[in-house]
Participant: 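Quick one: this structure, given as structure tokens, is what I'll be asking you about.
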Amino acid sequence: MLHGKPSIVIFFDPDCELCHREATQIRQQQAAFANTSVYWLTTQSLTKARAFAHQYGLDTLSMMHVGALTREEAYQAFGPTSVPHIFIYGADKRLRKEYKGEVKVEALLKYL
């Protein structure tokens, strides 16, 4: 993760309506994320995560990565999280912005 370019980590739940809207917005503006790595992480099964990625076409975009963590792993890495919960990191690997809840794509792009 965080390969010398800006990165976004999105904690999501495949059944979350706000997460569905977030995925739709990001997919619609995919070109704006061309130089960013976007990691979609969930505590649900990897099968559900991949189905979500496929449903929104995220699995066809090279900058999008989908994965699953246990609740313990998520807590150890990021502390308490909700869904959607978005962390934006600069190319220097420093946290630039954190959002809890749904966020417009334009707000995300300000910090890349």
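Note that the structure is a prediction, hence the values are computed from the model and not measured.
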Participant: Can you check whether I86 reaches F11 side chain to side chain, under 4.5 Å on heavy atoms?
Facilitator: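 No; the side chains remain at least 4.5 Å from each other.
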Participant: Taking a hydrophobic cluster as the set of Ile, Leu, Val, Met, Phe, Trp and Tyr residues connected by side-chain heavy atoms closer than 4.5 Å, whether directly or through intermediates, do Y56 and L108 fall within one such cluster?
Facilitator: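 They do share one cluster, since a chain of ILVMFWY contacts under 4.5 Å joins Y56 to L108.
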Participant: What is the ring orientation for F52 with W40, classed by angle as parallel under 30°, tilted 30 to 60°, or perpendicular over 60°?
Facilitator: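 Geometry flag for W40 against F52: tilted rings.
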Participant: First locate atom OH of Y75, then atom OG1 of T70, and finally report the distance between them rounded to the nearest 0.5 Å.
Facilitator: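 It is 13.5 Å, given to the nearest 0.5 Å.
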Participant: Taking side chain to side chain donor-acceptor pair (under 3.5 Å) as the definition, give me every residue that meets it alongside Q76, ordered by chain and number, with sequence neighbours left out.
Facilitator: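 If we apply the side chain to side chain donor-acceptor pair (under 3.5 Å) test to Q76, skipping adjacent residues, there are no hits.
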Participant: Assigning hydrophobic clusters by single linkage (Ile, Leu, Val, Met, Phe, Trp, Tyr; side-chain heavy-atom cutoff under 4.5 Å), is L41 placed with L18?
Facilitator: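 Per the 4.5 Å side-chain linkage, L41 and L18 are not co-clustered.
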Participant: For R50, look at atom CZ and say whether over 12 heavy atoms of other residues, nucleotides or ligands are found less than 6.0 Å away.
Facilitator: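 Not more than 12 within 6.0 Å, no.
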Participant: Counting distance only, does the side-chain N/O of E22 pair as donor-acceptor with the main-chain N or O of V103 below 3.5 Å?
Facilitator: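 It does hold such a pair.
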Participant: Below 6.0 angstrom between ring centroids: does that apply to F78 and H85?
Facilitator: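 No, too far apart.
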Participant: Quick one: closest heavy-atom pair of H54 and D59, and the distance?
Facilitator: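 Where H54 meets D59 most closely, the heavy atoms are ND1-OD2, 3.0 Å.
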Participant: In Å and rounded to the nearest 0.5 Å, what is the CD to CD distance from E17 to E102?
Facilitator: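 If I round to the nearest 0.5 Å, the distance is 10.0 Å.
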Participant: How far apart are the C-alpha atoms of E106 and Q29, what are their side-chain angles, what is the distance that settles it, and do they pass the side-chain contact (heavy atoms from CB on, under 4.5 Å) test?
Facilitator: CA-CA 9 Å; E106 295 77 20; Q29 296 192 40; 3.3 Å; yes
Participant: What verdict does the side-chain contact (heavy atoms from CB on, under 4.5 Å) test give for I10 and I26, after you've listed the backbone C-alpha separation in whole Å, the side-chain angles of each residue and the deciding distance to 0.1 Å?
Facilitator: CA-CA 11 Å; I10 302 172; I26 289 173; 3.6 Å; yes
Participant: With a 4.5 Å limit on heavy-atom distance, are the side chains of Y39 and I8 in contact?
Facilitator: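 No, too far: nothing below the 4.5 Å cut-off.
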Participant: Rounded at 0.5 Å granularity, tell me how far CE in M63 sits from OG in S7.
Facilitator: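 Taking CE in M63 and OG in S7, the distance rounds to 12.5 Å.
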Participant: Less than 4.5 Å apart, any side-chain heavy atom of E98 and any of K100?
Facilitator: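 They are in side-chain contact.
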Participant: To the closest 0.5 Å, what do you measure between OG1 (T36) and CD1 (I88)?
Facilitator: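 Here the interatomic distance stands at 9.0 Å.
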Participant: Whether the side chain of H20 engages the backbone of P14 through a donor-acceptor N/O pair (distance < 3.5 Å, no angle test) should be reported.
Facilitator: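 Confirmed, H20 side chain pairs with P14 backbone.
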Participant: Considering only residues two or more places apart or on different chains, which pairs with a residue in residues 65-77 satisfy salt bridge (Lys or Arg N to Asp or Glu O under 4.0 Å)?
Facilitator: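 Sorted result for residues 65-77: empty, none.
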Participant: Distance check, rounded to the nearest 0.5 Å: L58 atom CG versus Q55 atom CD?
Facilitator: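 With rounding to 0.5 Å, CG (L58) is 9.5 Å from CD (Q55).
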Participant: Can you name the closest pair of heavy atoms from A91 and G4 and give their distance?
Facilitator: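 Looks like CB-O, 3.7 Å.
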Participant: Please report the C-alpha distance between F33 and L61 in whole Å, then the side-chain angles of each, then the deciding distance to 0.1 Å, and finally whether the side-chain contact (heavy atoms from CB on, under 4.5 Å) criterion is met.
Facilitator: CA-CA 10 Å; F33 295 92; L61 304 173; over 6 Å; no
Participant: Considering non-hydrogen atoms only, spot the tightest contact between G67 and A49 and give its length.
Facilitator: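 Distance-wise, the nearest heavy atoms are O-CB, 4.3 Å.
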Participant: Between K48 and D15, does at least one N-O distance fall below 4.0 Å, as a salt bridge requires?
Facilitator: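 Between D15 and K48 there is a salt bridge, with a charged N closer than 4.0 Å to a carboxylate O.
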Participant: Quick one: do F87 and L69 end up in the same hydrophobic cluster if we chain Ile, Leu, Val, Met, Phe, Trp and Tyr together by side-chain heavy atoms under 4.5 Å apart?
Facilitator: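 They do share one cluster, since a chain of ILVMFWY contacts under 4.5 Å joins F87 to L69.
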Participant: Has T42 got a side-chain atom pairing as donor or acceptor with F12's backbone, closer than 3.5 angstrom?
Facilitator: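 Present.
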Participant: What do you reckon, is CG of D92 surrounded by more than 12 foreign heavy atoms closer than 6.0 Å?
Facilitator: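 Counting neighbours around CG of D92, more than 12 heavy atoms of other residues, nucleotides or ligands fall under 6.0 Å, so yes.
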Participant: Assess K97 against Y99: is NZ or CZ under 6.0 Å from the centre of the six-membered ring, and within 45 degrees of the ring's axis?
Facilitator: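 Yes - K97 lies over the ring of Y99, closer than 6.0 Å to its centre and within 45° of its axis.
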Participant: Please check this pair: side chain of R96 against backbone of Y111, looking for a donor-acceptor N/O pair closer than 3.5 Å.
Facilitator: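 Flag set: sc R96 to bb Y111 pair under 3.5 Å.
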